[in-house]
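A quick write-up on the structure given underneath.
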Amino acid sequence: HMSRLYLLLDEVCSQTLTASALRDVLQRFLESHQGLSDQAFVDFRFDFLARRPALKSEFSGWKAYPSRIIATEGPEGFQFELSVEIPYSS
């Protein structure tokens, strides 16, 4: 069963990650495990990288923003949560 989940997850991660794509893969998880489970979820944690200009020069650099995407499909429907940490600096 795990190899089926891995292959489905690999397929969704090789394209643009959208809420629709996540819902599709979760529904496919449930179809592949019909009779075994009525709920599926994924939890992605990653750093979103954004190029930021330097404060006192013409240069720029990369800033990492810790991010998380959680998606669940189950009897209560599809749920999707996106969070990004934006640290304060003065």
Side-chain angles (χ1 to χ4, degrees):
H1 296 293
M2 290 303 292
S3 61
R4 283 186 258 165
L5 295 178
Y6 177 83
L7 292 172
L8 289 171
L9 195 56
D10 185 55
E11 183 180 319
V12 78
C13 290
S14 64
Q15 60 185 333
T16 301
L17 195 58
T18 64
S20 177
L22 287 173
R23 185 173 196 185
D24 179 59
V25 78
L26 291 175
Q27 289 173 342
R28 291 170 66 190
F29 280 1
L30 291 173
E31 288 170 10
S32 74
H33 287 73
Q34 193 169 16
L36 298 174
S37 182
D38 66 351
Q39 185 169 332
F41 82 98
V42 290
D43 185 348
F44 296 101
R45 296 172 194 225
F46 58 96
D47 286 333
F48 174 77
L49 298 174
R51 187 174 280 284
R52 302 288 313 257
L55 296 175
K56 295 188 176 192
S57 74
E58 72 280 3
F59 300 108
S60 64
W62 293 98
K63 174 84 174 151
Y65 296 94
S67 304
R68 187 174 185 186
I69 297 173
I70 302 171
T72 305
E73 178 73 39
E76 56 282 334
F78 178 69
Q79 296 177 355
F80 176 81
E81 180 182 335
L82 170 65
S83 61
V84 179
E85 285 183 42
I86 302 175
Y88 172 79
S89 67
S90 58

Inset, instruction - Find the distance between NZ (Lys63) and CZ (Arg51) and round it off to the nearest 0.5 Å. - result: 14.5 Å
Legend entry - Gap separating the OG1 atom of Thr18 from the CZ atom of Arg23, nearest 0.5 angstrom: 12.0 Å
Legend entry - Phe78 with Leu82, same ILVMFWY side-chain cluster at under 4.5 Å: yes
Legend entry - Glu85 vs Arg68 side-chain heavy atoms within contact, under 4.5 Å: no
Inset, instruction - Search all heavy atoms of Leu30 against all heavy atoms of Ser37 and return the closest pair with its distance. - result: CD2-O, 3.8 Å
Legend entry - Gap separating the CG atom of Leu17 from the CZ atom of Phe46, nearest 0.5 angstrom: 7.5 Å
Inset, instruction - Can you see which heavy atom on Tyr65 is nearest to which on Val84, and at what distance? - result: CB-CG1, 3.8 Å
Legend entry - More than 12 heavy atoms from other groups under 6.0 Å of CD on Gln34: no
Legend entry - Between CG on residue Leu7 and CZ on residue Arg28, distance to nearest 0.5 Å: 10.0 Å
Inset, instruction - Kindly give the heavy-atom pair with the smallest separation between Pro53 and Ser60, and that separation in Å. - result: CA-CB, 3.9 Å
Inset, instruction - Would you check, one step at a time, whether the test side chain to side chain contact (heavy atoms under 4.5 Å, CB included) holds for Leu22 with Phe44? - result: CA-CA 11 Å; Leu22 287 173; Phe44 296 101; 3.6 Å; yes
Legend entry - CG on Asp24 to CD on Glu73, rounded to 0.5 Å: 10.0 Å
Inset, instruction - State yes or no: do Ile69 and Phe29 share one hydrophobic cluster built from I, L, V, M, F, W and Y residues joined by side-chain heavy-atom distances below 4.5 Å, directly or via other members? - result: yes
Inset, instruction - Determine the minimum heavy-atom distance between Thr16 and Ala21, stating which atoms define it. - result: O-CB, 4.2 Å
Legend entry - Nearest atoms (heavy-atom pairs only) where Ser57 meets Ala54: OG-CB, 3.3 Å
Legend entry - Heavy atoms of other groups near Phe48 CZ, more than 12 under 6.0 Å: no
Inset, instruction - Identify the heavy atoms of Leu9 and Val25 that sit nearest to each other, and give their distance. - result: N-CG2, 4.3 Å
